[in-house]
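Computed from heavy atoms alone, side chains included, the values below leave out hydrogens, waters and symmetry copies. Quick caveat, the model's predicted, so the values are computed rather than measured. Each chain gets a letter, A, B and so on, in the order its sequence line appears, and its residues count up from 1.
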Protein chains: 2
Amino acid sequence: MLKDSVRTGSYRSAIVNNAHLFKGKTVLDVGCGTGILSMFAAKAGASHVVGIDMSNIIDQAQKIIEANNFKDTITLVKGKLEEADLPIKQFDIIISEWMGYFLLYESMLDTVLLARDKYLKPNGHIFPDSAAMYIAAIEDQDYKEEKINFWDNVYGFDFSCIKDIALREPLVDTVDLKSVVTDPCMIKHIDLTTARKEDLSFEAPFTLTATRNDYVHAFLAWFDISFECTHKKVKFSTGPHAQYTHWKQTVFYTPSTITVSEGESITGRLTCAPNERNNRDLDISISYKTPRDHEATMQYKMY
Amino acid sequence: MLKDSVRTGSYRSAIVNNAHLFKGKTVLDVGCGTGILSMFAAKAGASHVVGIDMSNIIDQAQKIIEANNFKDTITLVKGKLEEADLPIKQFDIIISEWMGYFLLYESMLDTVLLARDKYLKPNGHIFPDSAAMYIAAIEDQDYKEEKINFWDNVYGFDFSCIKDIALREPLVDTVDLKSVVTDPCMIKHIDLTTARKEDLSFEAPFTLTATRNDYVHAFLAWFDISFECTHKKVKFSTGPHAQYTHWKQTVFYTPSTITVSEGESITGRLTCAPNERNNRDLDISISYKTPRDHEATMQYKMY
């Protein structure tokens, strides 16, 4: 993750270039991992940083902050935020890299919102404080052939029961911008200063207008992140038009091919909610109507 | 895995092209997964095939064998071979795709050997029946810089404690043949018809003779598989000279760079054993002496 330069570079810009926000302030780093964001905050002049993580990686983080002489400025806590007894009870700033694939898959956002409600001072800042999700439709014949239709004939055998499973599993992969055949449509905006946990289950309508005559084999989703509270707004996108990130994009194959002509629209609704049994998993459903009035609903599972 | 055409194609050649070995015979498929090898055996004329797997994938395998009309020829059993009550007690042939990274990492070979001792008729066949492991030394400056030395300076911070961990973790990746700077050396041969579980812990000497003047940054390991009992011996290699497989090769970085001139040798010993706490993990140690008489020992962990 540290090697994702878009990700880590954006956090560095947002934190280190905004020392006026950090100077003398207390900072909570939710899910601190190796401690890189905590060290950015310390470098930006924070009076004290508390990093919390339930993973064993925090043992390495402790060695790292000592090797970099931040032992007095950064305190690391191993455990769950929900249960932890933090050495500081109110913070000026919360920083966190909580985003998962499709923004919300295995995401820590609910923990960040909890941290905000419990530990952030009124008018405190959250880094980042804004996230938006988008979808578009893509032409993807060759890859769909390889990923989905492959199962129709595996060395002469019928593996179509696996095809059904493969179709319902969103695929995390990079997609060429030239595969995108419609305008993008924003399906969700999350303002981290006000969002509630319930907002992470949502239903959103979309209209995708074709920019050329082509065939559609899948919907494509991605997200943008921004640090609205920074002086020169730092933002990055994980879309097909932007530089590679480890989040790539998320592909939802449709059961059949959709024909679109320039100017025509695919309309529909996307619903997304944590799975009831395992709340790190996501149940996503996409209902859509094609320009030729074909209607379909697909249930996807990110497990 | 099914998409690895070297792997699946080799098994198909070995089984389907050797119908004279399978016709009217009973076959046990150890770790049958989706059932592809069981279906190859059925297609080759086996009188009955029993496939066993402890994973839930076997529920899909049942649908697949029914969709392909092998319900009467193939019986699937969900469970551990050690505990299972199989419908046939003695088999003419055992087939299995048990190989892991570095051949033995997370491998099922011990289960295959157990199956042989318990269920294989005298003079029965095992597909495959031979495996060999090789090492060579490689020039890998650029990649070592990115994978290992990266940790010396992460956005201006010292992450060298992670570097130590990264160095001890063998890297599974494809390596260009032109990076190989020595002749290969076989470090282990496994004859599946006679091997015992104890043979999977081993110590092997090696001598790697440089084929040109260059620098060495890592040792490289791979394995070859062969079906010795087939008419026209089917074999495949996972080495850097061969076609891509999902096993790729395994890279063991050395703590310092070794200088070699054409004709000079690096000598050493490799030891390999299952980890005592988790026997699917591997502890690997490589001791070596360079042409300039520098000696070193590195402990690696495949976890």
Side-chain angles (χ1 to χ4, degrees), chain A residues 1-17 33-44 56-71 74 143 145-166 303, chain B residues 1-17 33-44 56-71 74 143 145-166 303:
Chain A
M1 299 276 243
L2 286 168
K3 289 176 181 172
D4 181 337
S5 61
V6 170
R7 165 196 178 272
T8 311
S10 296
Y11 275 90
R12 181 174 63 170
S13 297
I15 298 171
V16 176
N17 293 348
T34 57
I36 184 94
L37 303 188
S38 293
M39 292 194 291
F40 286 152
K43 204 174 158 189
N56 286 333
I57 189 69
I58 207 162
D59 301 333
Q60 299 306 323
Q62 187 63 41
K63 290 182 198 166
I64 291 167
I65 64 161
E66 288 174 20
N68 292 280
N69 300 312
F70 288 118
K71 211 175 77 163
I74 301 174
Y143 218 52
E145 204 58 48
E146 184 187 328
K147 290 283 166 185
I148 306 293
N149 299 339
F150 168 84
W151 299 106
D152 283 333
N153 182 336
V154 178
Y155 291 85
F157 300 120
D158 171 3
F159 272 62
S160 52
C161 69
I162 306 281
K163 183 182 176 179
D164 292 338
I165 296 171
Y303 281 17
Chain B
M1 299 276 242
L2 286 169
K3 289 177 181 172
D4 182 336
S5 61
V6 170
R7 164 195 178 274
T8 310
S10 297
Y11 275 90
R12 181 174 63 171
S13 297
I15 298 171
V16 176
N17 294 347
T34 57
I36 184 93
L37 303 189
S38 293
M39 292 194 292
F40 286 152
K43 203 174 157 190
N56 286 333
I57 190 70
I58 207 163
D59 301 332
Q60 299 306 323
Q62 186 63 41
K63 290 182 198 167
I64 291 167
I65 63 160
E66 288 175 20
N68 291 281
N69 300 313
F70 287 118
K71 211 176 79 165
I74 302 174
Y143 218 52
E145 203 60 46
E146 184 188 327
K147 290 284 165 186
I148 306 294
N149 298 339
F150 168 84
W151 300 107
D152 282 334
N153 181 337
V154 178
Y155 291 84
F157 300 119
D158 170 4
F159 272 62
S160 52
C161 70
I162 305 282
K163 183 183 176 177
D164 292 339
I165 295 171
Y303 281 17

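Proximity to chain B among residues 154-163 of chain A is limited to A/V154, A/Y155, A/F157, A/D158, A/F159, A/C161, A/I162, judged by heavy-atom separations below 4.5 angstrom.
Here B/Q62 pairs with B/E66 under the side chain to side chain donor-acceptor pair (under 3.5 Å) rule; sequence neighbours left out. Remark: B/D4 engages no residue in a salt bridge (charged side-chain N to carboxylate O under 4.0 Å, His left out) (not counting sequence neighbours).
With a threshold of 4.5 angstrom between heavy atoms, B/F70 approaches chain A through side-chain atoms but not through N, CA, C or O. In this structure, the portion of A/F150 lying under 4.5 Å from any heavy atom of chain B is its side chain and not its backbone.
To the nearest 0.5 Å, atoms NZ (A/K63) and CG (B/D164) are separated by 8.5 Å.
Each salt bridge (Lys or Arg N to Asp or Glu O under 4.0 Å) pair with one or both residues in residues 33-43 of chain B, not counting sequence neighbours, would appear here, but there are none.
Crowding of A/K71 atom NZ: a count of heavy atoms from other residues, nucleotides or ligands under 6.0 Å not exceeding 12.
Closest heavy-atom contact between B/E146 and A/K3: O-NZ, 3.3 Å.
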